[in-house]
Every structure is written in structure tokens, then in C-alpha cells.
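Quick note: numbers below take in every heavy atom, side chains included, and nothing from hydrogens, waters or symmetry partners. Letters A, B, ... are given to chains in the order of the sequence lines, protein chains preceding strands, and every chain is numbered from 1.
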Protein chains: 2
Amino acid sequence: MRFSSQREIIREIVESTNAHPTADWIYNKAKKRLPNLSLGTVYRNLKQLDEEGTIKAITDGNVSRYDWNTASHDHMKCKVCGEIIDVHLQDDSIRKKIRKNYKFEVDDVKMTIIGTCKKHKK
Amino acid sequence: MRFSSQREIIREIVESTNAHPTADWIYNKAKKRLPNLSLGTVYRNLKQLDEEGTIKAITDGNVSRYDWNTASHDHMKCKVCGEIIDVHLQDDSIRKKIRKNYKFEVDDVKMTIIGTCKKHKK
DNA sequence: AAATAAATAATAACAATTACTATTATTATT
DNA sequence: AATAATAATAGTAATTGTTATTATTTATTT
């Protein structure tokens, strides 16, 4: 994969936020620096960055979001404001349980907690 | 919500399978019994059934699937064949951990294991 | 500096889902 | 049982998120 300034800027934007942005959000942010950037370019580069392991694509309901944090972690999503908060909840008891009870080879454990964040629970 | 035969048939179809079908799959199945059923009707009724708690909408990548099993459980998804297998992995240690460490009110814990099912791991 | 091929912008195509609207069917009322 | 009220439907159009296409541009190799 060869250098492209578009990809660099897209990566910088993903790495600049904890907000787990969507492709569209990243596109609008990047467009300020690259006025004739194309949304397709954003999608293509996000996919490439995900495939090479630089960022991680996550899925929120039915839209894709992108996370600079590629280390194993989980998410808590507030149903009021939509915010996605990073947490670490998994331990290896889950993988152990699967290994013990099922013939299933685990690649990844995705866990999302749905609820109300501290700003919105009364 | 008043009676509709379309909704009855849609519910029956969801309840007839463990395959976590998509709206489109349900639509094609239901169409054999209701030849001029509309896909919008399927979506509307699936949403209603989900809202009243009769079935549960789950999200698989970027498409919605529907599950008759509304009891708390998790899913293992095979990346080879796409099959989604019901499992029970959660215990209340996760909710306990959140209660202890974060000011976040939990409604639901969604967990999906990505990997290879027994039919496809060599 | 020229050649090669990967990446781009612009646009079209696509898939999943939701919205709109005139008509039909269910339930409540007479 | 007939009528009225209105929820649900079929058919269709619109919307949203994403991927594909293609002529042009740009990074890298020769």
C-alpha cells in the first residue's frame, strides 16, 4: 500500500477522537482539509486501515463506526445520547467456557452494553 | 394493536426457525401464503413485534435479523458459513463489574462471538 | 524523465430500510 | 346486521449507508 495524503488525514482524524466516528463524520471533518475529497475515498481508506489493523471497524446498530483503539475492549452505549464509552469487561472466562462446551474456534468476542450513561440516568 | 393475519403469519415464521432470519427471508417465506404481501408490511410488523417484546431484533453486521427467543442469550457467528448459533455465556459478573466500576445503568448485554463453527474448523 | 500501477474524484449502482398514500380490513358503535 | 372510525395494508417512492465503475491523477520504479 503506497502513501496517500488522504489516508494520512483520515487516519489522523480517527486517532484524534474517542467518539467512534462514522464514515460520514470523518468525511466532513477531512473535507475541511481536502475540499474535494470523495466519500468513497473515505470508505475505501477506512476499510484498508481496518484490514491492515491500524484501526478497528465496529458496528453500531446498522452503521459502521471506526475506533483507533485496536486493543481488545468492549463498549457501553447510552440509549439516550448515543455515546459509546470504552470499557474493559471481558476476562478469559468467556473463551474458556466456549472451549469447554462448544467446538467453536473463537477469533473475537464483541460485547456491547446497552443502557443509560451517568449523564442521563436520574 | 389490532389483529392482522399478516402479522400472525410473520410471527409464526419467525417462531418456526432458529436461523435468525432477515426481513427479506421472512418476506419470501410469507409471500407463499400471502401472495401480495408487501416488504414494508414485513418490516413494520417485525418492528411492532419487537417493540411489544414478542420477538427480538438483533443486528448482524449491518443487517437486522429476528429471533423468536426473547430470553437473555448470546450468539456465536461462524465467519465461514454465516450461521448464528445461540449460546448462553453471560453470568451476572458482567453486570456486577459495571455496577461496581461505572455509573451506567444496564438494560441489555449484547455479546457475539466471531469465529469458526465445528462444521468448518478443520 | 518516462513507465507503471495504485489511489483518487465523481458519479452511478446497490442493498436495507423507512415514508407516503390511496385502499382495505378490523373493531367499535349504532 | 349495517355504519362509522381508524389501524393496517399494498404498492411505490424516497432515504441512508455503502460499494462499484471509470477516467484522471499521483506515488513509486525504472
What is the nucleic acid contact for A/Leu39, judged by heavy atoms within less than 4.0 Å: base, sugar-phosphate only, or nothing?
-> base

Heavy atoms under 4.0 Å, any strand shown: does A/Thr22 hit a base, just sugar-phosphate, or nothing?
-> nothing

5' precedence on DNA chain D between B/Ser38 and B/Phe3 (nearest-nucleotide basis) = B/Phe3

Atom CG of B/Asp60 and atom C1' of C/dA16: how far apart are they, to the nearest Å?
-> 13 Å

When the ring planes of A/His20 and A/His75 are compared, do they come out parallel, tilted or perpendicular, using 30° and 60° as the limits?
-> perpendicular

Interatomic spacing from CG in B/Leu46 to CD1 in B/Ile55 - rounded to 0.5 Å | 5.0 Å

Which comes earlier along DNA chain C counting from the 5' end, the contact point of B/Asp24 or that of B/Arg2, where each point is its nearest nucleotide?
-> B/Asp24

Residue whose nearest DNA chain C nucleotide is more 5′ - B/Asn62 or A/Arg7 = A/Arg7

Give a yes/no on whether any side-chain N or O of A/Gln6 is located under 4.0 angstrom from OP1 or OP2 of D/dT26.
-> no

Say you draw a straight line from OH of A/Tyr102 to CG of B/Leu89; how long is it, rounded to the nearest 0.5 Å?
-> 5.5 Å

Does a side-chain N or O from B/Lys47 land closer than 4.0 Å to OP1 or OP2 of C/dT17, or not?
-> no

Is B/Arg44 near enough to D/dA8 that one of its side-chain N or O atoms lies under 4.0 angstrom from OP1 or OP2?
-> no

N/O (side chain, A/Ser4) to phosphate O (OP1/OP2, C/dT8) under 4.0 Å = yes

D/dT18 C1' sits how many Å from A/Tyr27 OH, rounded?
-> 14 Å

Measure from NZ on B/Lys31 to P on D/dT9 and round the result to the nearest Å.
-> 15 Å

In whole angstrom, what separates B/Met1's CE from D/dA7's P?
-> 13 Å

Rounded distance (Å) that lies between atom P of C/dA6 and atom CD of A/Glu52 | 16 Å

Passing candidate, salt bridge (charged side-chain N to carboxylate O under 4.0 Å, His left out) with B/Glu83, options B/Lys77, B/Arg65, B/Lys119 | B/Lys119

NZ on B/Lys31 to OG on B/Ser38, rounded to 0.5 Å | 8.0 Å

Candidate nucleotides D/dT18, D/dA10, C/dT17, ranked by approach to the side chain of B/Thr41 - the nearest = D/dA10

Under 4.0 angstrom, heavy atoms only, what part of the nucleic acid is B/Ser5 near: base, sugar-phosphate, or nothing?
-> nothing

Nearest whole angstrom, please: distance from the C1' of D/dA7 to the CG of B/Asn45.
-> 11 Å

Whole-Å distance between D/dA10 P and B/Ile9 CD1?
-> 10 Å

May I ask which nucleotide in the shown strands pairs with C/dT30, Watson-Crick or G-U wobble, both distances under 3.5 Å?
-> D/dA1

Verify the contact: side-chain N or O of B/Tyr43 to OP1 or OP2 of C/dT17, cut-off strictly under 4.0 Å; return yes or no.
-> yes

Would you call B/Val87 and A/Phe104 a side-chain contact if the rule is heavy atoms closer than 4.5 Å?
-> no

To the nearest Å, give me how far apart CG (B/Leu37) and P (C/dT23) are.
-> 20 Å

